[in-house]
Amino acid sequence: MSRFINPAKIGLLALIELYLNKTVPTASIVDVLSFVTSHLIDSDSLTSSPDPESRWKRAEKTVSLVISIADFERVLAPHTAASGIPGRSLWYAFLDRLWKIDSLDALHDFFINSSDLLVKTKDQLRRDAELGIPPPDPDAVLLARNSPFGAFVRRCQLEFTRLRFSDVSELWKDFIKYRQTTAVYYRKKTPSFQRLSFDYVLASEHGWEETVTSVAYGDMLRDDPNSTLPVSTDDIEKLLEFQIDQMQKYGTRIPLEIQHQFHDLLNDSFMVPSLSHYLSYLDAWRAGDYSTSFDYLHRYFDYTMQNKDRSFYQYALMNLAVLQADFGCYKEAIAAMLETVSTARENRDMTCLNFALNWLFHFGRAHPEVTKELESNSMLGTGKESLAYLRSRAKETGMWILWSSALMSEAKTGLSNGESVATAIEHLVRSSQILIERNMKSMVGSQLSINIALWDRLGIAYLSSTTCEVFIRCHARHSTIDDELKVTSRQASMLALKGRYDEGLELLENLDANSLRTWKPSQYWYKFRGIIKLRRDIHRNNLDGAELLLSQLLQSKNEDLEPDLDVITDTLHVDCLIRRGKLDEAFAKVERMVSELRDENKDVALRVRLLLLKAELLSQCGRPQKGFTIAVRAANVAWRARLLPYLWPAIGAIANILSSLGEFEPAIQLLNAVLPRSLECENSAMTAKLYSYLGDANMGMAGKMPPKSNKRREFMTKALEAIEKSFNHYSSIEDINKQCEMMAKKATIMKVSGDNVLANDAAAAYLAIRRDAAAQARP
């Protein structure tokens, strides 16, 4: 195997020669040059395709060109040659040029004469004039020596002259095999072509041709299953770099077909580049194979240390820390990353140092229980100090990704701590400016994820869903699978909150199958699908199915690296316990969650959610007044942090408590004030509950009015209207129990109003809902 030259590159060189000799017609120039350029110049045009599968087309094309000449045929066969025999295709002209290289000597001449394709230097022109050689034809098309094609021609010449005779012989044999598949076609078009015309030495008629052929070439021209592929070291290294770049850029694994093709090429290579160990490490890591990834990581950096210097040691430690953290070995990860910081300081590697500090900050936010001792010893400092340091250092050293990431982290930290929303938006705008100015497309996913969370917290669900749609349509192609999966999951969650469970599940199902071969995204995807199904089963009163899903989700809770999934699962678990009537267990679970949250000092939104759960439990127990302080505290915190999706339920809980105390009028005023804003959140369960509270309050006011008075009838009409709206919202999310509860309230109102026919209809509807639910639950 040579370093650079292989039969495919000889084909590209011959095609360039045809172009310069004006054999390519004007109409075909763009197609031919695009084909050649795609194999000579690295371009991101293929990787920006909206289809994730087409990101790997470049690797597929490289492998396909190396193993077969068919790619040349696909490009050249549709075009007609501009010179030569009229009517001949460009494919024939290309083959004619290749088959004219009919000996090892002709191969040498081919590379020597390729210098004629280049513009001559002044020294060469002066030397030619001294020797009496005429200058090139002024109408001839020649390549500039610094152009991409010119650089390729010069490198081919240089690499060919470096080859030993044995390597040149192997290249000649590989070239014969590479073009041999076209022999039948060329023989039809060229009558003088014979079976042994591939080597003009064998085409003579002396009687010893067969003997010489068997000695020189053996069974090479027959299909040998053990034959190797004509691949060069340059092809292997380019494929390695491309695959590693794709895996690091998008967080996905290599498609199986490309993986198998690459392994075939690597097996035919007598030298295995050390970078292949790093590729194997990335693939094993993405596949969730801890021991294999650990082994390949050590192999790669052991090789690097032996052949280079210790300047790469900090990167080995950094990779090790990230690997340990991904597989849940948090203490080992912290130790490795702290050593990375020390080594990077010693080597004055500011890029590695800043990345390590950034990683430590985010790890501390995700796992505060692990970094608690470090923070107390002032090794990391507080979160704000760390971010301020990272931001200033990134700005000084021109690390735009880190600078933008630090600004986004400041915005996220501010929102999480319930600080100023305006300050968070300022950080996001500054981060967005850096992303746009520096064209950092891969960071847009993280930026828009925080924007989505911001609109969610402000209770503007429409803007949140629009931002999700903008990301999926415009930016998903440039982002990692983690960003795409989380935004898609957020979309699916919003659909589930509206009762459109099937649409949410379909969104998740439509994600790229190859991307979901990666371990962490695959786990997240399975769990989020389980959560949507769990929510649907709970609402449909299929508690047996819900408990089965809960058992699967809860047993892997300790393995979850995403805290949002933990909270959603725990909240749905409490809801399931409430529906089972196990209020003591539900209350105990909420108390445990509150204590854990207090110790870890997590997002203020989670604390408000748990306070609302606690108030809801007390209401379910028939003691809503005991939750008054809790509801007021939740409303206070939600208002200060501008957590509007939690503020409206908190106001609703306060209104419910006021209704239980007989203060119906202020309860109605509160509910009428918050209901229009709650509709903006597009959360059907929350809006239905508020309408239910409004119906109760209006019914309470009706009870205070004189019998058969207009006021009494007016409040009962308002109560009936609110109950019907609540029923409609509960129907949209298929909440059977709540539908029955609202229908029972409706029947009661009708009976109190004296309309027994409508009361009986409501009672019949109640029974029909129960009957349909039982039929659906039946296997």
Side-chain angles (χ1 to χ4, degrees), residues 2-26 28-30 32-33 35-37 39-41 72 76 81-85 90 93-176 178-179 197-201 203-204 232-234:
S2 67
R3 280 183 55 183
F4 184 78
I5 300 292
N6 63 2
K9 288 190 171 64
I10 295 175
L12 291 173
L13 203 56
L15 193 54
I16 291 173
E17 184 180 327
L18 290 179
Y19 163 68
L20 297 177
N21 291 337
K22 301 181 180 179
T23 307
V24 180
T26 305
S28 308
I29 286 177
V30 173
V32 171
L33 293 186
F35 174 75
V36 177
T37 306
H39 291 284
L40 298 186
I41 300 175
F72 287 102
L76 302 177
S83 61
I85 302 173
L90 196 55
F94 173 73
L95 289 183
D96 188 55
R97 182 67 191 93
L98 290 186
W99 282 103
K100 282 182 179 177
I101 306 174
D102 55 2
S103 67
L104 188 57
D105 181 59
L107 183 65
H108 278 84
D109 290 341
F110 174 76
F111 280 99
I112 291 170
N113 295 332
S114 63
S115 60
D116 296 338
L117 306 176
L118 303 171
V119 173
K120 292 188 176 182
T121 62
K122 291 181 180 179
D123 291 339
Q124 288 174 328
L125 290 173
R126 190 183 307 114
R127 197 179 306 117
D128 288 350
E130 292 173 357
L131 296 173
I133 301 173
D137 185 355
D139 294 332
V141 180
L142 297 175
L143 298 173
R145 305 179 76 85
N146 296 329
S147 67
F149 285 9
F152 173 69
V153 171
R154 289 165 61 201
R155 182 166 185 194
C156 286
Q157 271 191 311
L158 176 63
E159 294 292 344
F160 185 77
T161 57
R162 285 179 173 178
L163 293 178
R164 295 172 299 181
F165 180 76
S166 59
D167 293 332
V168 174
S169 300
E170 286 299 321
L171 176 63
W172 168 241
K173 292 179 181 178
D174 287 339
F175 178 64
I176 292 174
Y178 188 74
R179 71 181 178 185
S197 293
F198 66 89
D199 191 335
Y200 83 93
V201 176
S204 58
S232 66
T233 307
D234 178 70

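Counting from 1, the numbers follow the sequence of the chain as shown.
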Open item on the list: Could you walk me through whether R154 and N146 satisfy the side-chain contact (heavy atoms from CB on, under 4.5 Å) test, starting with their C-alpha distance in whole Å, then the side-chain angles of each, then the deciding distance to 0.1 Å, before giving a yes or no?
Closed with: CA-CA 9 Å; R154 289 165 61 201; N146 296 329; 3.9 Å; yes
TODO: Could you grab the distance from atom OG of S28 to atom CG of L33, nearest 0.5 Å is fine?
DONE: 10.5 Å
Task: Distance (rounded to the nearest 0.5 Å) between K120 NZ and I133 CD1 - done: 6.0 Å
Open item on the list: Check the orientation of Y178 and F72. Use parallel for under 30°, tilted for 30 to 60°, and perpendicular for over 60°.
Closed with: perpendicular
Task: For S147 against A144, the heavy-atom pair lying closest together - done: OG-O, 2.7 Å
Open item on the list: How close do R155 and D234 get, counting heavy atoms only, and between which atoms?
Closed with: NH1-OD1, 4.0 Å
- [ ] Would you mind reporting whether L20 and L142 have side-chain heavy atoms less than 4.5 Å apart?
- [x] no
Task: F149 CZ: over 12 foreign heavy atoms closer than 6.0 Å - done: yes
TODO: Assert yes or no for the condition that the ring centre distance of F4 to F160 is strictly below 6.0 Å.
DONE: no
Task: Interatomic spacing from CD in Q157 to CZ in R162 - rounded to 0.5 Å - done: 13.0 Å
TODO: Measure the shortest side-chain to side-chain distance between L125 and K122 over non-hydrogen atoms and say whether it is less than 4.5 angstrom.
DONE: no
TODO: Report yes if the side chains of R179 and I101 come closer than 4.5 Å at any heavy-atom pair, otherwise no.
DONE: yes
TODO: Kindly compute the distance separating NZ (K22) from CD1 (I29), expressed to the nearest 0.5 Å.
DONE: 10.0 Å
- [ ] Test side-chain contact (heavy atoms from CB on, under 4.5 Å) on V32 and L18 and set out the steps.
- [x] CA-CA 10 Å; V32 171; L18 290 179; over 6 Å; no
Task: Nearest-0.5 Å distance that lies between atom CD1 in I5 and atom OG1 in T233 - done: 11.5 Å
Open item on the list: Would you compute the distance between atom CG of L95 and atom CZ of R97 and round it to the nearest 0.5 angstrom?
Closed with: 12.5 Å
Open item on the list: Using side-chain heavy atoms (C-beta onward) and a distance below 4.5 Å, is L15 in contact with Y19?
Closed with: no
- [ ] Report the C-alpha separation of K100 and D96 in whole Å, then their side-chain angles, then the decisive distance to 0.1 Å, and conclude whether the salt bridge (Lys or Arg N to Asp or Glu O under 4.0 Å) test is met.
- [x] CA-CA 6 Å; K100 282 182 179 177; D96 188 55; 3.2 Å; yes
TODO: Report the relative orientation of the aromatic rings in W172 and F175; use parallel for angles under 30°, tilted for 30 to 60°, perpendicular for over 60°.
DONE: tilted
TODO: List the atom of L104, the atom of S169, and the distance in Å for their closest heavy-atom pair.
DONE: CD2-OG, 4.4 Å
TODO: Could you check V141 against L117 for side-chain contact (heavy atoms from CB on, under 4.5 Å), going step by step and ending with a plain yes or no?
DONE: CA-CA 8 Å; V141 180; L117 306 176; over 6 Å; no
Task: Worked check of side-chain contact (heavy atoms from CB on, under 4.5 Å) between L90 and T23 - done: CA-CA 8 Å; L90 196 55; T23 307; 4.1 Å; yes
Pairs of donor and acceptor atoms involving the side chains of residues 6-13, under 3.5 Å and at least two apart or interchain, shall be tabulated with distances.
from: N6; atom 1: OD1; to: A8; atom 2: N; distance (Å): 3.4
from: N6; atom 1: OD1; to: K9; atom 2: N; distance (Å): 3.0
from: N6; atom 1: ND2; to: D235; atom 2: OD2; distance (Å): 2.5
from: K9; atom 1: NZ; to: D235; atom 2: OD1; distance (Å): 2.8

